Amino acid sequence: QVQLVESGGRLVQPGDSLRLSCAVSGRTISTLPLAWFRQAPGKEREFVAALKKGQGTTYAAASVRGRFTVSRDNGKNTAYLQMNSLKPEDTAVYYCASDSGSPIVSSLPYASTYEYWGQGTQVTVSS
């Protein structure tokens with residue numbers, strides 16, 4: 001059973017940087033696809049970024065491309081979401097997700113692709 005635990009969310013100011021962590025247990029992280037989603041109050045869960053298993057090719061939503069980067073540390077079995085130039089509209093609960101299968105690239109942005117989810121970590125961007 002794969003378990004995901006996010007951490008690192010907090011209150012920051014616009015323009016700040018923040019790194020979220022997703023600690024993985026139950027499987028070796030390099031054998032899992034990983035994704036970050038976010039959900040703001042009153043809105044649907046939104047795809048942020050994904051990292052394929054194996055070589056770890058990364059993908060990012062257009063809204064965060066160039067500001068957010070997803071990565072993993074195989075030695076720590078942990079994934080990260082580095083967020084730079086944060087904006088108030090980035091305020092949301094951020095979730096880490098994974099799956100036991102091998103989702104195709106076109107399915108990576110969809111929450112229904114993922115079997116495993118963390119509990120979420122709150123990121124608030126406000127002055």
Side-chain angles (χ1 to χ4, degrees):
Q1 181 76 1
V2 174
Q3 292 187 323
L4 309 172
V5 179
E6 304 95 333
S7 62
R10 60 182 177 90
L11 172 64
V12 296
Q13 294 189 340
D16 282 356
S17 295
L18 190 64
R19 189 178 76 165
L20 304 182
S21 299
C22 173
V24 178
S25 60
R27 284 273 296 271
T28 301
I29 195 171
S30 59
T31 68
L32 295 168
L34 286 158
W36 288 93
F37 285 77
R38 65 186 182 186
Q39 189 165 19
K43 294 188 177 182
E44 293 187 356
R45 195 163 293 192
E46 174 190 23
F47 171 74
V48 175
L51 189 154
K52 290 194 71 175
K53 66 180 182 182
Q55 290 187 336
T57 306
T58 61
Y59 305 85
S63 59
V64 304
R65 201 169 295 148
R67 297 190 299 125
F68 291 11
T69 304
V70 59
S71 64
R72 71 182 185 217
D73 184 328
N74 293 341
K76 295 183 178 180
N77 226 44
T78 299
Y80 302 100
L81 182 67
Q82 177 67 42
M83 304 185 293
N84 299 328
S85 302
L86 282 161
K87 305 174 182 180
E89 51 263 43
D90 295 319
T91 295
V93 177
Y94 283 72
Y95 297 91
C96 181
S98 188
D99 191 73
S100 57
S102 301
I104 58 175
V105 172
S106 59
S107 69
L108 293 176
Y110 299 97
S112 58
T113 296
Y114 302 93
E115 180 179 0
Y116 306 111
W117 291 84
Q119 82 290 348
T121 186
Q122 176 70 48
V123 173
T124 302
V125 185
S126 175
S127 55

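Computed from a prediction, not measured in an experiment: that's the story for all the values here.
- Residues S126 and P14 come closest through the heavy atom pair C-CD, 3.7 Å.
- Contact annotation: the side chain of L4 approaches that of S98 to within less than 4.5 Å [non-hydrogen atoms, C-beta and beyond].
- Nearest approach of A92 to R38, heavy atoms of both residues: CB-CB, 3.8 Å.
- Residues E115 and V2 form no side-chain contact, since every pair of their non-hydrogen atoms from C-beta on lies 4.5 Å or further apart.
- For the atom pair NZ of K53 and OG1 of T28, the computed distance is 12.0 Å after rounding to the nearest 0.5 Å.
- Across all non-hydrogen atoms, the minimal contact from W36 to C22 is CZ2-CB, 3.6 Å.
- With hydrogens and angles ignored, the 3.5 Å screen pairs a side-chain donor or acceptor of Q119 with a backbone N or O of E6.
- Between L18 and F68 there is no side-chain heavy-atom pair separated by less than 4.5 Å.
- Q82 CD to S21 OG: the interatomic distance, rounded to the nearest 0.5 Å, is 10.0 Å.
- In this structure, the side chains of L51 and R72 come closer than 4.5 Å at one or more pairs of heavy atoms.
- Between Y110 and F37, the shortest heavy-atom contact is C-CZ, 3.8 Å.
- Closest approach of P109 and S106 over heavy atoms only: CD-O, 3.5 Å.
- With contacts defined as side-chain heavy-atom distances shorter than 4.5 Å, the pair V48/L81 qualifies.
- Around the CD atom of E44, the shell of radius 6.0 Å holds no more than 12 heavy atoms that belong to other residues, nucleotides or ligands.
- In terms of modelled atom types and a separation under 3.5 Å, the side chain of D73 and the main chain of T78 share no donor-acceptor contact.
- The main-chain N or O of Q39 is never found under 3.5 Å from a side-chain atom of R45 such that the two would form a donor-acceptor pair.
- The side-chain heavy atoms of S7 and T121, taken from C-beta on, include no pair separated by under 4.5 Å.
- Once rounded to the nearest 0.5 Å, the distance linking CD of Q1 with OG of S100 reads 9.5 Å.
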Verdict with supporting geometry, D90 and M83, side chain to side chain contact (heavy atoms under 4.5 Å, CB included): CA-CA 9 Å; D90 295 319; M83 304 185 293; over 6 Å; no
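- By the 4.5 Å heavy-atom criterion applied to side chains, S63 and E46 are counted as neighbours.
- Of the possible polar contacts, one joining the N77 side chain to the I29 backbone as a donor-acceptor pair under 3.5 Å is found.
- The distance from the CD atom of Q122 to the CZ atom of R10 is 13.0 Å, given to the nearest 0.5 Å.
- When all heavy atoms of F47 and A60 are compared, the closest pair comes out as CE2-C, 4.1 Å.
- The backbone N or O of K52 sits nowhere less than 3.5 Å from a side-chain atom of T57 that would complete a donor-acceptor pair.
- Panel note: side chain R67, backbone S85; a donor-acceptor pair is recorded below 3.5 Å.
- To the nearest 0.5 Å, the span separating CG on L20 from OH on Y80 amounts to 11.5 Å.
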I would like to know whether L34 and V70 meet side chain to side chain contact (heavy atoms under 4.5 Å, CB included); could you show each step before the answer? CA-CA 9 Å; L34 286 158; V70 59; 5.8 Å; no
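- Under the 4.5 Å side-chain contact rule for hydrophobic residues, Y59 and L32 do not share a cluster.
- Of the possible polar contacts, one joining the Y114 side chain to the L108 backbone as a donor-acceptor pair under 3.5 Å is found.
- Under a 3.5 Å cut-off, the side chain of T91 and the backbone N or O of V125 do form a donor-acceptor pair.
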